[in-house]
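If you read the sequence from its start, that first residue is 1, and numbering goes on from there.
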Amino acid sequence: QVQLVESGGGLVQAGGSLRLSCAASGRTFSYYATGWFRQAPGKEREFVAAISWTGSSTYYADSVKGRFTISRDNAKNTVYLQMNSLKPEDTAAYYCAARRSVIASRALNEYNYWGQGTQVTVSS
């Protein structure tokens, strides 16, 4: 079992930056690919970014490509999402997820473990 805890969310002005962290406890997730997803009020949860367990492969949603960067530190059991040039449309609850595979995936239903989410609000 893997427990995931997100942190780093908050209120930021448009154009600003935030860095989200996802800390894993319980069983190490060094052999698990991880991803970030987000859900805005009234909308479905959507893919944001994913990273393989080695960190050698990363994927991004078109809406965040060039602005967000996903990374991981397996020694610290932590995954990060650096978010730059934030826009009001990035406002959402952000969720970290891990899947029992070394290969990253964009598919929400391929992830086995989820965090409780952290709120990101971008003001215009």
Side-chain angles (χ1 to χ4, degrees):
Q1 191 75 7
V2 174
Q3 292 80 43
L4 304 174
V5 178
E6 303 95 335
S7 61
L11 174 64
V12 64
Q13 289 188 333
S17 299
L18 284 174
R19 188 176 81 154
L20 305 184
S21 298
C22 173
S25 61
R27 182 173 178 172
T28 179
F29 72 172
S30 292
Y31 293 93
Y32 293 0
T34 56
W36 286 95
F37 295 79
R38 67 186 182 187
Q39 188 167 18
K43 295 187 177 181
E44 295 188 350
R45 194 169 298 189
E46 64 176 8
F47 169 76
V48 176
I51 187 167
S52 63
W53 84 270
T54 62
S56 60
S57 297
T58 57
Y59 304 99
Y60 296 93
D62 289 343
S63 59
V64 307
K65 200 171 295 182
R67 300 187 297 123
F68 291 10
T69 303
I70 188 171
S71 61
R72 68 188 299 157
D73 184 340
N74 288 340
K76 296 182 178 180
N77 278 349
T78 303
V79 177
Y80 305 97
L81 185 68
Q82 178 67 44
M83 306 186 295
N84 299 328
S85 302
L86 283 161
K87 304 175 181 180
E89 51 263 43
D90 294 319
T91 295
Y94 283 71
Y95 298 88
C96 173
R99 65 186 299 249
R100 291 189 295 263
S101 171
V102 299
I103 301 172
S105 172
R106 301 171 184 267
L108 185 151
N109 62 1
E110 293 186 357
Y111 285 81
N112 307 104
Y113 304 103
W114 291 84
Q116 82 291 346
T118 185
Q119 179 67 35
V120 171
T121 302
V122 184
S123 63
S124 57

[X] versus [Y], closest heavy-atom pair with distance:
| X | Y | value |
| --- | --- | --- |
| Ala33 | Ile103 | CB-O, 3.3 Å |
| Ala14 | Pro88 | CB-CD, 4.1 Å |
| Gly9 | Thr118 | N-OG1, 3.2 Å |
| Cys96 | Leu4 | O-CD1, 3.8 Å |
| Ala50 | Ala104 | CB-CB, 3.9 Å |

Quick one: list whatever passes salt bridge (charged side-chain N to carboxylate O under 4.0 Å, His left out) with Lys43, sequence neighbours left out.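 With neighbours one apart ignored, the set is empty.
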Would a hydrophobic clustering, with Ile, Leu, Val, Met, Phe, Trp and Tyr connected at side-chain separations under 4.5 Å, put Trp36 with Val12? yes
Would you say Tyr113 and Leu108 are hydrophobically clustered, going by side-chain heavy atoms of ILVMFWY under 4.5 Å?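 In one cluster with Tyr113: Leu108, no.
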For the atom pair [atom1] ([X]) and [atom2] ([Y]), what is the distance rounded to the nearest 0.5 Å?
| X | Y | atom1 | atom2 | result |
| --- | --- | --- | --- | --- |
| Cys22 | Arg72 | SG | CZ | 9.5 Å |
| Phe47 | Tyr60 | CZ | OH | 9.0 Å |
| Ser124 | Lys87 | OG | NZ | 14.0 Å |
| Thr34 | Trp53 | OG1 | CH2 | 12.5 Å |
| Ser57 | Ile70 | OG | CD1 | 11.5 Å |

Side-chain heavy atoms of [X] within contact of [Y], under 4.5 Å:
| X | Y | answer |
| --- | --- | --- |
| Leu86 | Phe68 | yes |
| Thr54 | Val102 | no |
| Thr91 | Gln119 | yes |

Only counting residues at least two apart or in another chain, list the ones meeting side chain to side chain contact (heavy atoms under 4.5 Å, CB included) with Gln82.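 Partners of Gln82 under the side chain to side chain contact (heavy atoms under 4.5 Å, CB included) test: Ser17, Arg19, Thr69, Asn84.
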If you look only at pairs with a residue in residues 2-12, which of them pass as a salt bridge (Lys or Arg N to Asp or Glu O under 4.0 Å), with sequence neighbours excluded?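 Every pair satisfying salt bridge (Lys or Arg N to Asp or Glu O under 4.0 Å) with a residue in residues 2-12: there are none.
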Could you name each residue pair satisfying salt bridge (Lys or Arg N to Asp or Glu O under 4.0 Å) that touches residues 90-102, not counting sequence neighbours? Arg38-Asp90, Arg67-Asp90, Arg99-Glu110
Could you list all the ring-ring contact (aromatic ring centres under 6.0 Å, His included) pairs where at least one residue sits in residues 73-112, not counting sequence neighbours?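 The answer is Phe37-Tyr111.
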Run through Val64, Leu20, Val122 and flag the one making a side chain to side chain contact (heavy atoms under 4.5 Å, CB included) with Met83. Leu20
Check for a donor-acceptor pair, side chain of Thr78 on one end and backbone N or O of Lys76 on the other, with a separation under 3.5 Å.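 Yes, because the side chain of Thr78 sits within donor-acceptor range (under 3.5 Å) of the backbone of Lys76.
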Main-chain N/O of Gly35 paired with Arg106 side-chain donor or acceptor, under 3.5 Å: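 No, because the side chain of Arg106 does not come within donor-acceptor range (under 3.5 Å) of the backbone of Gly35.
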Set of residues satisfying side chain to side chain donor-acceptor pair (under 3.5 Å) with respect to Asn109, sequence neighbours excluded: none
